[in-house]
Asker: 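For reference, the structure I am asking about is given below.
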Amino acid sequence: MLSRKHKLLLMKMISLFSVVRGYNIPIIILAQYLSAIFILAPEIRALDILFDFNLFLIVFASSLTIASGYIINNFYDSKKDLINRPNKSMLDRLVSQKTKLTVYFLLNFIVALMSMFVSWRAFLFFSVYIFFIWFYSHKIKKYPIIGNLTAALLAVLPFFAILLYYYTKISFSDIEVYKSQFAVIFAHATFLFLLLLVREMVKDLENLKGDLANGYQTIPIIYGEETSKKVITILALLTIFPVYVLIEIYDVGYMDIYFYVCLIIMIFFLLYLWKSNTKAQFLLLHNVLKFLIVAGVFCIVLINPSVLWHGKRLLLMI
(Lines give C-alpha, C1' and ligand atoms only; values in the text may rest on other atoms or scores of the structure.)
Protein backbone atom coordinates (compact mmCIF):
# COMPACT_ATOMS: atom_id res chain seq x y z
CA MET A 1 0.00 0.00 0.00
CA LEU A 2 1.17 3.48 -0.87
CA SER A 3 1.38 6.04 1.91
CA ARG A 4 -0.63 9.26 1.71
CA LYS A 5 2.54 11.16 0.75
CA HIS A 6 3.34 8.75 -2.08
CA LYS A 7 -0.27 8.83 -3.31
CA LEU A 8 -0.15 12.64 -3.46
CA LEU A 9 3.17 12.52 -5.33
CA LEU A 10 1.70 10.02 -7.81
CA MET A 11 -1.35 12.21 -8.37
CA LYS A 12 0.88 15.23 -9.00
CA MET A 13 2.89 13.25 -11.54
CA ILE A 14 -0.34 12.23 -13.28
CA SER A 15 -1.45 15.87 -13.14
CA LEU A 16 1.80 17.08 -14.74
CA PHE A 17 1.47 14.34 -17.38
CA SER A 18 -2.01 15.70 -18.12
CA VAL A 19 -0.75 19.30 -18.30
CA VAL A 20 2.01 18.46 -20.83
CA ARG A 21 -0.39 16.05 -22.59
CA GLY A 22 2.18 13.29 -22.37
CA TYR A 23 -0.04 10.97 -24.41
CA ASN A 24 0.58 13.23 -27.44
CA ILE A 25 4.39 13.20 -27.21
CA PRO A 26 4.96 9.64 -28.58
CA ILE A 27 2.64 10.45 -31.50
CA ILE A 28 4.59 13.65 -32.25
CA ILE A 29 7.92 11.76 -32.17
CA LEU A 30 6.55 9.00 -34.41
CA ALA A 31 5.09 11.57 -36.84
CA GLN A 32 8.43 13.36 -37.16
CA TYR A 33 10.43 10.20 -37.79
CA LEU A 34 7.92 8.77 -40.27
CA SER A 35 7.77 12.12 -42.07
CA ALA A 36 11.56 12.19 -42.29
CA ILE A 37 11.75 8.62 -43.65
CA PHE A 38 8.86 8.70 -46.12
CA ILE A 39 8.29 12.37 -47.05
CA LEU A 40 11.09 14.78 -46.11
CA ALA A 41 14.14 12.63 -46.92
CA PRO A 42 13.00 9.48 -48.80
CA GLU A 43 16.36 9.24 -50.61
CA ILE A 44 18.16 8.55 -47.29
CA ARG A 45 18.18 5.03 -45.81
CA ALA A 46 15.67 4.59 -43.00
CA LEU A 47 18.31 3.20 -40.64
CA ASP A 48 20.58 6.19 -41.30
CA ILE A 49 17.69 8.47 -40.30
CA LEU A 50 16.90 6.45 -37.17
CA PHE A 51 20.54 6.45 -36.04
CA ASP A 52 21.19 10.11 -36.86
CA PHE A 53 21.98 11.60 -33.43
CA ASN A 54 21.50 15.23 -34.54
CA LEU A 55 18.05 14.37 -35.92
CA PHE A 56 17.23 12.64 -32.62
CA LEU A 57 18.13 15.86 -30.79
CA ILE A 58 15.89 17.90 -33.12
CA VAL A 59 12.96 15.50 -32.68
CA PHE A 60 13.43 15.37 -28.91
CA ALA A 61 13.81 19.17 -28.70
CA SER A 62 10.59 19.57 -30.73
CA SER A 63 8.73 17.26 -28.36
CA LEU A 64 9.97 19.10 -25.27
CA THR A 65 9.11 22.47 -26.86
CA ILE A 66 5.57 21.28 -27.57
CA ALA A 67 5.30 19.93 -24.01
CA SER A 68 6.44 23.29 -22.61
CA GLY A 69 3.94 24.95 -24.94
CA TYR A 70 1.13 22.91 -23.40
CA ILE A 71 2.31 24.05 -19.95
CA ILE A 72 2.32 27.78 -20.76
CA ASN A 73 -0.99 27.40 -22.58
CA ASN A 74 -2.44 25.68 -19.51
CA PHE A 75 -1.00 28.43 -17.30
CA TYR A 76 -2.81 31.22 -19.18
CA ASP A 77 -6.01 29.21 -19.80
CA SER A 78 -6.56 27.99 -16.23
CA LYS A 79 -9.71 30.12 -15.70
CA LYS A 80 -11.16 29.29 -19.11
CA ASP A 81 -10.54 25.56 -18.65
CA LEU A 82 -12.53 25.57 -15.39
CA ILE A 83 -15.59 26.21 -17.57
CA ASN A 84 -14.67 24.29 -20.74
CA ARG A 85 -12.93 21.27 -19.18
CA PRO A 86 -13.82 21.17 -15.46
CA ASN A 87 -12.69 17.57 -14.83
CA LYS A 88 -9.32 17.93 -16.56
CA SER A 89 -8.87 21.35 -14.98
CA MET A 90 -9.30 19.95 -11.46
CA LEU A 91 -6.65 17.30 -12.19
CA ASP A 92 -4.28 19.89 -13.68
CA ARG A 93 -4.63 22.10 -10.59
CA LEU A 94 -2.96 19.48 -8.39
CA VAL A 95 0.30 20.99 -9.68
CA SER A 96 0.79 24.60 -8.61
CA GLN A 97 1.25 27.41 -11.12
CA LYS A 98 4.76 27.97 -9.72
CA THR A 99 5.72 24.33 -10.38
CA LYS A 100 4.31 24.54 -13.91
CA LEU A 101 6.43 27.61 -14.66
CA THR A 102 9.52 25.93 -13.18
CA VAL A 103 9.05 22.89 -15.41
CA TYR A 104 8.31 25.19 -18.38
CA PHE A 105 11.63 27.05 -18.02
CA LEU A 106 13.53 23.83 -17.33
CA LEU A 107 12.22 22.19 -20.51
CA ASN A 108 13.07 25.26 -22.60
CA PHE A 109 16.58 25.35 -21.12
CA ILE A 110 17.10 21.70 -22.11
CA VAL A 111 15.81 22.50 -25.62
CA ALA A 112 18.30 25.38 -25.91
CA LEU A 113 21.21 23.13 -24.91
CA MET A 114 20.24 20.36 -27.34
CA SER A 115 19.65 22.73 -30.26
CA MET A 116 23.02 24.46 -29.66
CA PHE A 117 24.69 21.07 -29.94
CA VAL A 118 23.12 20.58 -33.41
CA SER A 119 23.84 24.01 -34.93
CA TRP A 120 23.30 27.73 -34.52
CA ARG A 121 20.42 27.46 -37.03
CA ALA A 122 18.68 24.90 -34.83
CA PHE A 123 19.22 27.10 -31.76
CA LEU A 124 17.77 30.12 -33.60
CA PHE A 125 14.80 28.10 -34.88
CA PHE A 126 13.85 26.74 -31.43
CA SER A 127 14.40 30.12 -29.75
CA VAL A 128 11.94 31.71 -32.18
CA TYR A 129 9.57 28.75 -31.88
CA ILE A 130 9.50 28.95 -28.06
CA PHE A 131 8.90 32.70 -28.19
CA PHE A 132 5.98 32.39 -30.62
CA ILE A 133 4.36 29.63 -28.55
CA TRP A 134 4.53 31.91 -25.50
CA PHE A 135 3.28 34.94 -27.48
CA TYR A 136 0.42 32.87 -28.92
CA SER A 137 -0.63 31.61 -25.46
CA HIS A 138 -0.31 35.06 -23.87
CA LYS A 139 -1.81 37.28 -26.57
CA ILE A 140 -2.58 35.97 -30.06
CA LYS A 141 -4.98 33.14 -29.20
CA LYS A 142 -7.54 35.63 -27.86
CA TYR A 143 -8.09 37.12 -31.32
CA PRO A 144 -10.16 35.68 -34.18
CA ILE A 145 -8.64 34.25 -37.36
CA ILE A 146 -5.01 35.14 -36.54
CA GLY A 147 -5.25 33.04 -33.37
CA ASN A 148 -6.54 30.02 -35.33
CA LEU A 149 -3.94 30.46 -38.09
CA THR A 150 -1.10 30.76 -35.57
CA ALA A 151 -2.20 27.65 -33.63
CA ALA A 152 -2.26 25.55 -36.82
CA LEU A 153 1.09 26.96 -37.95
CA LEU A 154 2.76 26.23 -34.59
CA ALA A 155 1.57 22.61 -34.82
CA VAL A 156 3.21 22.19 -38.26
CA LEU A 157 6.52 23.93 -37.42
CA PRO A 158 8.29 20.91 -35.82
CA PHE A 159 8.23 19.24 -39.25
CA PHE A 160 9.73 22.40 -40.72
CA ALA A 161 12.67 21.97 -38.31
CA ILE A 162 13.45 18.58 -39.88
CA LEU A 163 12.98 20.03 -43.35
CA LEU A 164 15.57 22.73 -42.57
CA TYR A 165 17.92 20.11 -41.14
CA TYR A 166 18.02 18.21 -44.43
CA TYR A 167 17.57 20.93 -47.04
CA THR A 168 19.93 23.64 -45.78
CA LYS A 169 22.68 21.32 -47.02
CA ILE A 170 21.43 21.49 -50.62
CA SER A 171 23.23 23.85 -53.00
CA PHE A 172 21.28 26.24 -55.26
CA SER A 173 22.37 24.24 -58.33
CA ASP A 174 20.67 21.11 -56.94
CA ILE A 175 17.36 22.77 -56.01
CA GLU A 176 15.84 21.97 -59.42
CA VAL A 177 16.44 18.25 -58.80
CA TYR A 178 14.35 18.40 -55.61
CA LYS A 179 11.57 20.51 -57.14
CA SER A 180 8.99 17.70 -57.30
CA GLN A 181 9.90 16.56 -53.77
CA PHE A 182 9.31 20.10 -52.48
CA ALA A 183 5.87 20.05 -54.14
CA VAL A 184 4.96 16.77 -52.39
CA ILE A 185 6.16 18.13 -49.05
CA PHE A 186 4.19 21.35 -49.54
CA ALA A 187 1.02 19.41 -50.47
CA HIS A 188 1.30 17.20 -47.36
CA ALA A 189 1.96 20.27 -45.18
CA THR A 190 -1.02 22.13 -46.70
CA PHE A 191 -3.37 19.20 -46.06
CA LEU A 192 -2.19 18.87 -42.44
CA PHE A 193 -2.38 22.65 -41.92
CA LEU A 194 -5.98 22.77 -43.18
CA LEU A 195 -7.03 19.85 -40.95
CA LEU A 196 -5.43 21.52 -37.94
CA LEU A 197 -7.07 24.84 -38.82
CA VAL A 198 -10.51 23.20 -39.08
CA ARG A 199 -9.82 21.55 -35.70
CA GLU A 200 -9.00 24.92 -34.13
CA MET A 201 -12.22 26.40 -35.52
CA VAL A 202 -14.28 23.51 -34.13
CA LYS A 203 -12.57 23.96 -30.74
CA ASP A 204 -13.80 27.57 -30.74
CA LEU A 205 -17.37 26.32 -31.12
CA GLU A 206 -16.79 23.67 -28.45
CA ASN A 207 -15.28 26.18 -25.97
CA LEU A 208 -17.74 29.01 -26.62
CA LYS A 209 -18.87 29.48 -23.00
CA GLY A 210 -15.38 29.59 -21.49
CA ASP A 211 -14.07 31.89 -24.25
CA LEU A 212 -16.97 34.28 -23.81
CA ALA A 213 -16.57 34.41 -20.01
CA ASN A 214 -12.84 35.18 -20.28
CA GLY A 215 -12.95 37.83 -23.02
CA TYR A 216 -11.62 35.74 -25.92
CA GLN A 217 -12.53 37.24 -29.29
CA THR A 218 -13.11 34.10 -31.38
CA ILE A 219 -15.00 33.87 -34.69
CA PRO A 220 -18.22 32.34 -33.21
CA ILE A 221 -18.27 35.02 -30.49
CA ILE A 222 -17.80 37.99 -32.85
CA TYR A 223 -19.49 36.78 -36.05
CA GLY A 224 -21.80 34.05 -34.79
CA GLU A 225 -21.98 30.27 -34.95
CA GLU A 226 -23.34 30.15 -38.50
CA THR A 227 -20.44 32.20 -39.91
CA SER A 228 -18.00 29.97 -38.08
CA LYS A 229 -19.60 26.90 -39.67
CA LYS A 230 -19.35 28.49 -43.11
CA VAL A 231 -15.63 29.15 -42.63
CA ILE A 232 -15.10 25.56 -41.43
CA THR A 233 -16.97 24.27 -44.49
CA ILE A 234 -14.78 26.31 -46.86
CA LEU A 235 -11.58 25.15 -45.14
CA ALA A 236 -12.73 21.51 -45.21
CA LEU A 237 -13.49 21.76 -48.95
CA LEU A 238 -10.06 23.28 -49.57
CA THR A 239 -8.46 19.99 -48.42
CA ILE A 240 -9.56 18.58 -51.79
CA PHE A 241 -6.80 20.52 -53.59
CA PRO A 242 -3.73 19.10 -51.77
CA VAL A 243 -5.34 15.65 -51.86
CA TYR A 244 -5.81 15.94 -55.64
CA VAL A 245 -2.16 16.99 -56.05
CA LEU A 246 -0.91 14.07 -53.94
CA ILE A 247 -3.13 11.41 -55.55
CA GLU A 248 -3.31 12.49 -59.20
CA ILE A 249 -0.05 14.34 -59.84
CA TYR A 250 2.46 12.70 -57.51
CA ASP A 251 2.92 9.16 -56.21
CA VAL A 252 2.06 8.56 -52.55
CA GLY A 253 1.85 4.79 -52.85
CA TYR A 254 -0.97 3.18 -50.90
CA MET A 255 -1.49 6.32 -48.81
CA ASP A 256 -4.04 7.40 -51.43
CA ILE A 257 -6.41 5.01 -49.59
CA TYR A 258 -6.09 7.20 -46.48
CA PHE A 259 -6.83 10.36 -48.48
CA TYR A 260 -9.91 8.84 -50.15
CA VAL A 261 -11.23 7.73 -46.73
CA CYS A 262 -10.51 11.23 -45.37
CA LEU A 263 -12.60 12.86 -48.08
CA ILE A 264 -15.52 10.51 -47.38
CA ILE A 265 -15.31 11.16 -43.63
CA MET A 266 -15.11 14.93 -44.23
CA ILE A 267 -18.41 14.80 -46.17
CA PHE A 268 -20.17 13.23 -43.17
CA PHE A 269 -18.26 15.61 -40.88
CA LEU A 270 -19.72 18.65 -42.69
CA LEU A 271 -23.24 17.21 -42.74
CA TYR A 272 -23.07 16.63 -38.98
CA LEU A 273 -21.46 20.04 -38.39
CA TRP A 274 -24.51 21.88 -39.70
CA LYS A 275 -26.79 19.84 -37.44
CA SER A 276 -24.62 20.42 -34.35
CA ASN A 277 -25.40 23.04 -31.71
CA THR A 278 -24.23 21.53 -28.40
CA LYS A 279 -20.82 21.17 -26.76
CA ALA A 280 -21.07 17.35 -26.89
CA GLN A 281 -21.69 17.41 -30.64
CA PHE A 282 -18.78 19.76 -31.30
CA LEU A 283 -16.57 17.59 -29.08
CA LEU A 284 -17.45 14.59 -31.26
CA LEU A 285 -16.47 16.55 -34.38
CA HIS A 286 -13.24 17.60 -32.68
CA ASN A 287 -12.44 13.95 -31.89
CA VAL A 288 -13.13 12.92 -35.50
CA LEU A 289 -10.51 15.42 -36.68
CA LYS A 290 -8.03 14.20 -34.03
CA PHE A 291 -8.60 10.66 -35.28
CA LEU A 292 -7.91 11.70 -38.89
CA ILE A 293 -4.69 13.49 -37.88
CA VAL A 294 -3.41 10.57 -35.76
CA ALA A 295 -4.47 8.00 -38.39
CA GLY A 296 -2.57 10.08 -40.95
CA VAL A 297 0.62 9.64 -38.91
CA PHE A 298 0.39 5.83 -39.00
CA CYS A 299 -0.69 5.81 -42.65
CA ILE A 300 2.52 7.57 -43.74
CA VAL A 301 4.13 4.11 -43.93
CA LEU A 302 1.70 3.29 -46.78
CA ILE A 303 3.73 5.57 -49.04
CA ASN A 304 6.35 2.82 -49.27
CA PRO A 305 5.56 -0.24 -47.10
CA SER A 306 8.62 -2.08 -48.47
CA VAL A 307 10.76 0.06 -46.12
CA LEU A 308 9.16 -1.79 -43.19
CA TRP A 309 9.68 -5.24 -44.73
CA HIS A 310 13.29 -4.40 -45.49
CA GLY A 311 13.81 -3.11 -41.95
CA LYS A 312 12.25 -6.26 -40.48
CA ARG A 313 14.66 -8.45 -42.49
CA LEU A 314 17.63 -6.41 -41.27
CA LEU A 315 16.52 -6.80 -37.63
CA LEU A 316 16.11 -10.57 -38.04
CA MET A 317 19.63 -10.79 -39.43
CA ILE A 318 21.14 -9.06 -36.35
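Below, all heavy atoms of this structure are taken into account, side chains as well, without hydrogens, waters or symmetry copies.
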Asker: Return yes if some donor-acceptor pair links the side-chain N/O of Asn73 with the main-chain N/O of Gly69 below 3.5 Å, else return no.
Answerer: no
Asker: A side-chain contact here means heavy atoms from C-beta on lying under 4.5 Å apart; do Ser68 and Val111 qualify?
Answerer: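 No, their side chains stay 4.5 Å or more apart.
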Asker: Looking at CD of Glu206 and OG1 of Thr278, how far apart are the two atoms once the value is rounded to the nearest 0.5 Å?
Answerer: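 It comes to 10.5 Å.
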Asker: Once you measure the plane-to-plane angle for Phe126 and Tyr129, does it fall in the parallel (<30°), tilted (30-60°) or perpendicular (>60°) bin?
Answerer: tilted
Asker: Are any of the side-chain heavy atoms of Trp274 and Lys230 separated by less than 4.5 Å?
Answerer: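 They are in contact (side-chain heavy atoms under 4.5 Å apart), so the answer is yes.
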Asker: Fit a plane to each ring of Phe131 and Phe135, take the angle between them on a 0 to 90° scale, and name the class: parallel (under 30°), tilted (30 to 60°) or perpendicular (over 60°).
Answerer: parallel
Asker: Counting N and O atoms only, with roles assigned by atom type, does the side chain of Glu248 sit under 3.5 Å from a partner on the main chain of Tyr244, one being a donor and the other an acceptor?
Answerer: no
Asker: Which word best sums up how the rings of Phe259 and His188 line up, parallel for under 30°, tilted for 30 to 60°, or perpendicular for over 60°?
Answerer: tilted
Asker: Which of parallel (below 30°), tilted (30 to 60°) and perpendicular (above 60°) describes Tyr76 and His138?
Answerer: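 Ring orientation, 0 to 90° scale: tilted.
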Asker: Do Thr239 side-chain atoms and Leu235 backbone N/O form a donor-acceptor pair below 3.5 Å?
Answerer: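 Absent.
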Asker: To the closest 0.5 Å, what do you measure between OH (Tyr258) and CD1 (Ile265)?
Answerer: 8.5 Å
Asker: Does atom NZ of Lys139 have more than 12 heavy-atom neighbours, drawn from other residues, nucleotides or ligands, at distances under 6.0 Å?
Answerer: no
Asker: Atom CG in Leu30, atom CD1 in Ile25: separation rounded to 0.5 Å?
Answerer: 13.0 Å
Asker: More than 12 foreign heavy atoms under 6.0 Å from OH of Tyr272: is that the case here?
Answerer: yes
Asker: Determine, for Glu226 against Lys229, whether the closest basic-nitrogen to carboxylate-oxygen distance falls under 4.0 angstrom.
Answerer: no
